[in-house]
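Here the structure is laid out as structure tokens; the discussion comes afterwards.
First listed ligand is number 1; within each ligand, the first listed atom is number 1. Each residue takes its place number in the sequence, starting with 1. Predicted, not measured: the structure shown is a model, and the values here were computed from it.
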Amino acid sequence: MNPQFQLLPEQASTTAVHVDHLSIYLMVVAMFFSTLIFALIFVFAIKYRRRSEHERTTEITRALPLEITWTVVPFLLMMVMFGWGASVFFEMSRPPDDAMNIYVVGKQWMWKTQHLEGQREINELHVPLGRPVRLTMTSEDVIHSFYMPAFRVKFDVLPGRYTTAWFNPTKPGKYHLFCAEYCGTLHSGMIGWIYVMEPAEYERWLAGGTGAESLASNGQKLFEYLACANCHRTDKPGRCPNLTGLFGTPVTLTTGQKVMADESYIRESILHPGAKIVAGYQDIMPTFQGLVSEEDLLQLIEYIKSLSKQPSMAAPTLGALPPGLQKRGTTAGPAPRAQQKKNP
Ligand code: CUA
């Protein structure tokens with residue numbers, strides 16, 4: 001066979017082989033029954049054709065064993081599809097606990113990826129071999145879909161919420177990245193590459209970056225710059241909840257309802273502070289919609305996460321704009337708001 005011709009893309013992740021086995025099963029079942037049904041139609045059309053004007057069909061009253069067979073056999077075949085499909089689906093939708101987190105922001109028409117260590121990439125993603133990677137994804141504008149055929153990962157990327165997908169690469173190499181949801185004129189150009197590297201090589205790549213600071217530390221600067229620490233205090237009871245140790249814990253709201261403090265909750269609380277008010281607090285926080293970009297939000301979330309991981313990393317007090325932020329060029333807007341927040 002022509003080596004260029006491939007029925008399925010290369011298998012380069014742990015789940016790829018499971019997805020392929022399932023789709024081969026689906027294809028075999030569909031092809032077997034399509035062939036059988038068409039062959040029977042053909043055979044019966046000839047065998048039982050009407051031979052004369054006066055021919056009458058004999059009346060068939062019952063063929064119970066036959067009816068049971070053609071009900072039970074397809075039922076069992078489809079229950080296999082259901083059970084097998086569900087198990088592959090669960091595998092694909094539950095990232096392992098030790099997965100490394102990478103953030104993905106889609107926008108017309110590019111993919112922006114960010115590593116926790118601070119490296120940012122555009123239309124590229126470098127990952128180490130043999131380590132599960134969890135993608136936390138959002139969009140700045142319309143719906144996109146993050147599609148890496150070799151890893152059998154295709155997941156919608158939606159504005160206004162986080163979706164997650166994961167994969168564990170099994171082969172070093174360079175793999176296609178596509179956008180699989182029509183998102184405007186240059187949708188077909190919203191493509192890129194995934195580089196799977198040997199772990200040591202990946203460490204070198206990570207270290208040899210632009211000296212970028214970690215997402216959490218950029219988030220901390222942003223937290224100071226936006227004057228969040230004015231109300232979210234750690235040293236004494238503030239007007240807003242203390243964020244230390246918050247991430248990943250349940251929060252009781254004024255309605256008595258309990259919600260999990262995850263990425264989506266924190267995102268919503270920054271953009272729509274009034275949506276979920278923590279019990280014992282008032283609806284006084286202004287919205288930061290329009291002041292922070294999706295990437296800023298991810299940094300703030302990482303900072304709030306870091307407050308849970310390392311109790312020693314105390315929340316900062318309000319300080320002057322750190323020099324690092326001027327380089328970022330994305331936060332020209334918030335200054336007046338930060339001033340305004342000092343004298344509410
Ligand atoms: Cu983004 Cu299509």
In E181, what N, O or S atom is nearest to atom 2 (Cu) of ligand 1, if we give its atom name?
O
Looking at K305 and E263, is there a salt bridge between them, counting it only when a charged N and a carboxylate O are closer than 4.0 Å?
yes
I'd like to know: is atom 2 (Cu) of ligand 1 within the 2.8 Å range of an N/O/S atom from C179, strictly under that distance?
yes
What is the ring orientation for W111 with F146, classed by angle as parallel under 30°, tilted 30 to 60°, or perpendicular over 60°?
perpendicular
Whether the Y103 and E302 side chains hold a donor-acceptor pair (N or O, under 3.5 Å, no angle test) is what I'd like checked.
yes
Is it true that H115 and W205 have ring centroids separated by less than 6.0 Å?
yes
Is the ring pair F223/H232 parallel, tilted or perpendicular, if the boundaries are 30 and 60 degrees?
tilted
At atom 1 (Cu) of ligand 1: angle between M190 atom SD and C183 atom SG, to 10 degrees
110°
Closest H144 atom to atom 1 (Cu) of ligand 1 [N, O or S only]:
ND1
Name of the H187 N, O or S atom nearest atom 2 (Cu) of ligand 1?
ND1
